[in-house]
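Have a look at the structure below, then the notes.
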Amino acid sequence: MKDFKRYLAFKYIQYLVLPSPNIIITQLGLFASLYVRLLLMSPSVSRKPTAVFICNIAQADILVVCSMFSAMIQDVIKSKILSSFQSTLRQNFQTANIHVSSLLLSCVSLEAFLITFLPVETRHIRTVRSARVACKMIWITVTTECFLYQMEWFKDLGISSLGLHKQVLLLLNFCYEAAKLLKSFIYPIGLLLRIFNVYLLCKSYFGELP
């Protein structure tokens, strides 16, 4: 459907073209996702892998609502500790939304490439089941990433001085180091995702590149 193509084009611009989140674009994307979710409920919409990816991209915008709700709570809470926790949580909701959407859009680009150049050879993997598995893996990966980021918040509390069990402290230290390592890879991965998507889209829609 043309509406789905417009929606994907908008999302490519929102997550893979614009350098940083824009409040107006974010709000428009939220309403677009709501509209697409309503369209996907129609029995006339074919259940294909692309539809699975689009459905999950629309669902990822629920995280935008969570971020807004967290920001509202942060303004109400007077406690500095809880306000700091909500601030970190809000940032992680935004991070999860961007990362999930970017990875799902990359899946759409890859599928378009495979349909164009390897339609017969890849038919067995371009299934609804494979798309659902890919979406689950993306959600689990990004959820784990943001969980590690959220655990960093405890570091600022000086929690090591609270006399916690040694194994708990080791776990927290592992989370701190893992989050630090992840953050060092985020920018290059994001850059590679942009290049990857541009290349696949150009190959798919504009033919062979030299």
Side-chain angles (χ1 to χ4, degrees), residues 1-22 25-26 28-30 32-33 36 40 48-64 91-149 178-210:
M1 292 178 65
K2 289 184 178 180
D3 287 338
F4 290 150
K5 290 182 179 179
R6 294 192 189 102
Y7 176 71
L8 287 174
F10 181 86
K11 287 297 179 179
Y12 275 115
I13 293 171
Q14 181 180 354
Y15 292 110
L16 298 173
V17 176
L18 295 178
S20 60
N22 181 293
I25 297 297
T26 300
L28 290 174
L30 190 59
S33 293
V36 164
L40 288 169
K48 293 182 179 180
T50 304
V52 175
F53 292 130
I54 291 174
C55 179
N56 278 268
I57 292 170
Q59 286 177 346
D61 272 1
I62 294 174
L63 296 169
V64 175
Q91 291 173 3
N92 285 328
F93 278 135
Q94 292 175 345
T95 299
N97 171 253
I98 293 170
H99 290 184
V100 167
S101 299
S102 298
L103 289 169
L104 289 170
L105 287 168
S106 299
C107 290
V108 174
S109 299
L110 179 59
E111 188 193 12
F113 174 83
L114 294 177
I115 290 173
T116 304
F117 294 97
L118 300 167
V120 178
E121 297 87 341
T122 60
R123 186 177 296 168
H124 65 288
I125 62 173
R126 290 186 292 102
T127 62
V128 171
R129 182 177 179 276
S130 296
R132 286 173 178 166
V133 170
C135 291
K136 286 180 182 179
M137 290 177 63
I138 288 171
W139 279 103
I140 291 171
T141 301
V142 175
T143 300
T144 303
E145 174 198 5
C146 291
F147 172 78
L148 292 174
Y149 293 163
K180 184 179 178 180
L181 182 64
L182 276 172
K183 286 182 177 180
S184 67
F185 284 106
I186 289 302
Y187 179 77
I189 290 175
L191 183 61
L192 287 174
L193 272 180
R194 284 176 167 83
I195 296 172
F196 175 77
N197 277 276
V198 169
Y199 176 77
L200 291 183
L201 289 173
C202 287
K203 289 280 284 186
S204 300
Y205 295 105
F206 301 107
E208 291 284 341
L209 291 176

Original post:
How far apart are the C-alpha atoms of T26 and Q94, what are their side-chain angles, what is the distance that settles it, and do they pass the side chain to side chain contact (heavy atoms under 4.5 Å, CB included) test?
Top reply: CA-CA 10 Å; T26 300; Q94 292 175 345; over 6 Å; no

Original post:
Side chains of L104 and V108: does their closest heavy-atom pair fall under 4.5 Å?
Top reply: no

Original post:
Is the shortest heavy-atom distance from the side chain of C107 to the side chain of I138 under 4.5 Å?
Top reply: yes

Original post:
Measuring from T95:OG1 to I186:CD1, what's the distance to the nearest 0.5 Å?
Top reply: 8.0 Å

Original post:
Quick one: salt bridge (charged side-chain N to carboxylate O under 4.0 Å, His left out) pairs with a partner in residues 53-62, sequence neighbours left out?
Top reply: K11-D61

**OP:** State, with a plain yes or no, whether a side-chain heavy atom of T122 is found less than 4.5 Å away from one of F117.
**Re:** no

**OP:** Mind checking the CG-CG spacing from L63 to L30? Nearest 0.5 Å is all I need.
**Re:** 11.0 Å

Original post:
If every non-hydrogen atom of F53 is compared with every non-hydrogen atom of C135, which pair is closest and at what distance?
Top reply: CD2-SG, 3.6 Å

Original post:
At what distance, to the nearest 0.5 angstrom, does CG of L110 lie from CD1 of I115?
Top reply: 10.0 Å

Original post:
Roughly how far, to the nearest 0.5 Å, is the CD1 atom of I54 from the NZ atom of K48?
Top reply: 11.0 Å

Subject >> Neighbour count above 12 (heavy atom, 6.0 Å) for K136 NZ >> reply: no

**OP:** Hey, could you give me the CD1/CD1 distance between I25 and I13, rounded to the nearest 0.5 Å?
**Re:** 8.0 Å

**OP:** Could you tell me which residues satisfy ring pair (Phe, Tyr, Trp, His ring centres under 6.0 Å) with Y149, sequence neighbours excluded, listed by chain and number?
**Re:** none

Original post:
For P119, does its backbone N or O pair with a side-chain atom of R126 as donor and acceptor, under 3.5 Å?
Top reply: yes

Original post:
With R132, which residues qualify under side chain to side chain contact (heavy atoms under 4.5 Å, CB included), at least two apart?
Top reply: V52, V128

Original post:
Heavy-atom distance under 4.5 Å between the side chains of L8 and I57, does that happen here?
Top reply: yes

**OP:** Please confirm whether the backbone N or O of S130 pairs with a side-chain atom of T127, one donor and one acceptor, at under 3.5 Å?
**Re:** yes

**OP:** Could you tell me which non-hydrogen atom of L16 sits nearest to which non-hydrogen atom of R194, and how far apart they are?
**Re:** O-NE, 3.3 Å

**OP:** Sequence neighbours left out, what pairs pass side-chain hydrogen bond (donor to acceptor under 3.5 Å, both in side chains) with at least one residue falling in residues 106-116?
**Re:** Y12-S109, T50-E111, S106-N197, S109-N197

**OP:** Go through the steps for V36 and D3 under the test side chain to side chain contact (heavy atoms under 4.5 Å, CB included), then give the verdict.
**Re:** CA-CA 8 Å; V36 164; D3 287 338; over 6 Å; no

**OP:** Kindly write out the residues that satisfy side chain to side chain contact (heavy atoms under 4.5 Å, CB included) with A51, not counting sequence neighbours, or none if the list is empty.
**Re:** L40

Subject >> R123: partners by salt bridge (charged side-chain N to carboxylate O under 4.0 Å, His left out), with sequence neighbours left out >> reply: none

**OP:** Say whether, by atom type as modelled, one donor and one acceptor occur between the side chain of S33 and the main chain of G29 under 3.5 angstrom.
**Re:** yes

Original post:
What pair of heavy atoms forms the shortest contact from A60 to W139, and how long is it?
Top reply: CA-CH2, 3.7 Å

**OP:** Keeping the roles fixed (side chain from S102, backbone from H99), state whether a donor-acceptor pair exists under 3.5 Å.
**Re:** no

Subject >> From I189, T144, L148, residue fulfilling side chain to side chain contact (heavy atoms under 4.5 Å, CB included) relative to L182 >> reply: L148

